[in-house]
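Naming: A, B, ... by sequence-line order, numbering from 1 per chain.
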Protein chains: 2
Amino acid sequence: MYQYDYEHPAVTTDVVIFTVREQCLKLLLIKRAGKPFKGKWALPGGFVAMDESLDDGARRELEEETGVSGVYLEQLYTLGKPDRDPRERVITVVYYALIPSDKLQLRAATDAEAVGWFGMDELPALAFDHDEIVKMAEERLVAKLDYSTIAFQFMPEVFTLSELQDVYSIILQEEIDKRNFRKWVLAMESIEETGQMRRDGPHRPAKLYRVKAPGKVEIIK
Amino acid sequence: MYQYDYEHPAVTTDVVIFTVREQCLKLLLIKRAGKPFKGKWALPGGFVAMDESLDDGARRELEEETGVSGVYLEQLYTLGKPDRDPRERVITVVYYALIPSDKLQLRAATDAEAVGWFGMDELPALAFDHDEIVKMAEERLVAKLDYSTIAFQFMPEVFTLSELQDVYSIILQEEIDKRNFRKWVLAMESIEETGQMRRDGPHRPAKLYRVKAPGKVEIIK
DNA sequence: GCAAAAGTGTTCCAGATACACCCATGT
DNA sequence: ACATGGGTGTATCTGGAACACTTTTGC
């Protein structure tokens with residue numbers, strides 16, 4: 001039991017977890033087991049522990065839900081309208097995370113909650129103001145594709161230029177010219193050839209590339 | 001006296017208040033009267049009331065310190081390292097505000113604190129992690145000059161193109177070509193001539209302009 | 001040999017940059 | 001008349017957009 005001279009809000013972190021799989025930008029949601037919005041889908045999140053930073057709290061939530069760590073995580077926005085949670089005043093610091101499709105290995109469902117990946121165009125109704133949050137996160141992601149190397153965070157260790165282009169065109173939802181894309185992405189000198197090839201179909205093998213500074217997201221002018 | 005089953009952090013808003021005056025980008029600081037960092041300069045801020053949104057809290061702080069309302073205010077970042085305040089766990093949602101030099105009318109100092117404007121290159125040592133915050137705010141402001149109409153928020157109701165150009169070159173800290181600047185700023189069609197002139201020195205009078213949609217900050221491509 | 005994806009250059013256009021002189025006024 | 005800041009146009013450069021065919025492989 002804790003006591004204060006004046007009222008304190010609760011503080012949570014929520015995490016919008018994106019990945020690209022099956023030609024779709026996907027989002028991780030959990031089905032709420034608890035009281036408000038019980039049974040509704042929501043963003044993973046939880047209370048900030050008193051001895052952890054906000055970043056660490058978000059990273060912990062991410063790890064608990066997906067089992068991945070060491071991925072890209074960025075603070076998005078903080079929401080705190082007085083009535084956004086019916087129980088008590090809750091202020092939530094929202095992060096978003098990008099995880100490469102290969103790292104992805106869902107935990108056995110925590111606390112008997114259902115966990116699932118949803119394509120951005122097949123999202124269910126969400127609890128709280130989470131639909132608003134998801135919209136913001138997607139906008140930020142789309143904007144950052146243009147002026148940063150953020151998209152590399154979706155890629156596995158090695159990848160082909162076609163795979164990289166797919167990620168861009170899936171998220172931007174537009175066709176991209178192959179030659180212009182290659183010129184553009186190679187010009188920023190953030191990726192390099194591995195020397196290896198991937199041969200998979202009945203067609204010419206593709207050069208494999210890797211990110212020069214994995215984990216680092218650069219702003220490109 | 002308020003009681004909770006688990007520990008709650010305190011939540012504050014801090015506001016980085018910018019204006020442009022005397023050929024400088026200036027920042028409003030208050031001298032702390034209270035216990036931690038007593039006597040040090042700090043960003044204005046305070047606890048979020050339980051019935052107000054975060055935006056409203058920031059707007060209230062801004063109004064209390066400067067007496068201005070209805071100005072541009074944007075959320076910047078939320079900081080919450082466990083030990084950033086020695087008293088208790090404090091999570092702060094930081095906003096920044098841009099106020100036109102003419103609206104500016106400092107309140108009689110609240111709570112016997114000193115209040116002052118400081119040029120960005122003559123900042124004193126700041127309390128808490130406020131120097132970090134100020135750095136972030138300036139970076140965001142500089143970045144936004146390029147791709148938004150945010151700079152108009154510094155202008156009074158009517159202004160000349162030279163005055164507008166001054167604001168840009170002061171904040172970006174670089175010379176700007178007069179003809180190119182005019183072409184660029186007129187091309188985005190966000191300002192219009194008032195039909196009035198300003199005549200002030202022994203020189204040709206300048207056309208006065210006004211912002212077409214005051215208060216609105218547009219993203220420019 | 002054919003289907004399937006990988007790879008590769010050039011032309012064109014628009015927006016940004018560089019740059020110098022005349023204009024209207026107050027004293 | 002002169003000092004002061006206001007106002008204007010053109011040539012050039014650069015980065016993005018459009019666009020089609022050849023190559024290498026598996027079957």
Peer 1: With a 4.0 Å limit, can you tell me whether A/K207 has a side-chain N or O closer than that to the phosphate oxygens OP1/OP2 of C/dT8?
Peer 2: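 Yes, within the criterion.
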Peer 1: Reading DNA chain D in the 5' to 3' direction, which nucleotide is the first one with an atom under 4.0 Å from a heavy atom of chain B, and which is the last?
Peer 2: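 Listing 5' to 3', DNA chain D meets chain B from D/dA3 to D/dT10.
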Peer 1: Mind listing the residues from residues 163-175 of chain A sitting with a heavy atom below 4.0 Å of DNA chain C? Number order is fine.
Peer 2: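 Here the set is empty: none.
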Peer 1: Quick one: are B/T160 and B/K207 in side-chain contact, heavy atoms under 4.5 Å?
Peer 2: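 No, their side chains stay 4.5 Å or more apart.
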Peer 1: Looking for any heavy atom pair under 4.0 Å, which part of the strands does A/K183 touch: base, sugar-phosphate only, or nothing?
Peer 2: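 Base, at least one base heavy atom under 4.0 Å.
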Peer 1: Indicate yes or no for a side-chain donor-acceptor contact from B/H130 to the backbone of B/F128 under 3.5 Å, with no hydrogens or angles considered.
Peer 2: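 A pair under 3.5 Å: no.
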Peer 1: Please pick, from C/dT25, C/dT17, C/dG9, the nucleotide with the shortest atom-to-atom distance to any side-chain atom of A/N180.
Peer 2: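 The answer is C/dG9, which lies nearest to the side chain.
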Peer 1: Does A/K212 come within less than 4.0 Å of A/E189, counting only side-chain N to carboxylate O?
Peer 2: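 Salt bridge: no.
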Peer 1: Just how far, in rounded Å, is P of C/dA5 from CG of A/L161?
Peer 2: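 Rounded to the whole Å, the gap is 16 Å.
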Peer 1: Can you sort out which residues in residues 185-203 of chain A have a heavy atom within less than 4.0 Å of DNA chain C? Ascending by number, please.
Peer 2: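 The answer is A/P202, A/H203.
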Peer 1: Examine the side chains of B/T19 and B/S101 and answer whether a donor and an acceptor come within less than 3.5 Å of each other.
Peer 2: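 Note: B/T19 and B/S101 side chains miss the donor-acceptor criterion.
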Peer 1: Please answer whether the main-chain N or O of B/N180 pairs with a side-chain N or O of B/D177 as donor and acceptor at a distance below 3.5 Å.
Peer 2: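 Yes: the side chain of B/D177 pairs with the backbone of B/N180.
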Peer 1: Using whole Å, report how far CH2 of A/W184 lies from P of C/dT8.
Peer 2: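 In whole Å, C/dT8 P lies 18 Å from A/W184 CH2.
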Peer 1: Does A/R199 CZ have over 12 foreign heavy atoms under 6.0 Å away?
Peer 2: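 12 or below, so no.
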Peer 1: Is a side-chain N or O of A/E192 found less than 3.5 angstrom from the main chain of A/V211, in a donor-acceptor match?
Peer 2: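 Checked: no pair found.
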Peer 1: Whole Å only: how far is the NZ atom of B/K178 from the P atom of C/dC21?
Peer 2: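 One finds 14 Å between P of C/dC21 and NZ of B/K178, rounded.
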Peer 1: Using a 3.5 Å distance criterion without hydrogens, assess whether the side chain of A/Y95 forms a donor-acceptor pair with backbone atoms of A/D55.
Peer 2: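 Here the side-chain-to-backbone pair exists.
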Peer 1: Regarding B/R140 and B/E74, does a basic nitrogen lie under 4.0 Å from an acidic carboxylate oxygen?
Peer 2: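 Judged by the 4.0 Å cut-off on N to carboxylate O distance, B/R140 and B/E74 do form a salt bridge.
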Peer 1: Do A/E139 and A/K135 come within less than 4.5 Å of each other through their side chains, counting heavy atoms only?
Peer 2: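 When only atoms from C-beta onward are counted, A/K135 and A/E139 do touch, with a gap below 4.5 Å.
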Peer 1: Nearest whole angstrom, please: distance from the C1' of C/dA6 to the CG of A/L208.
Peer 2: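 These atoms are roughly 12 Å apart.
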Peer 1: Calculate the interatomic distance between B/D177 atom CG and C/dA16 atom C1'; express it in whole Å.
Peer 2: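 Atom-to-atom, B/D177 to C/dA16, this comes out as 11 Å.
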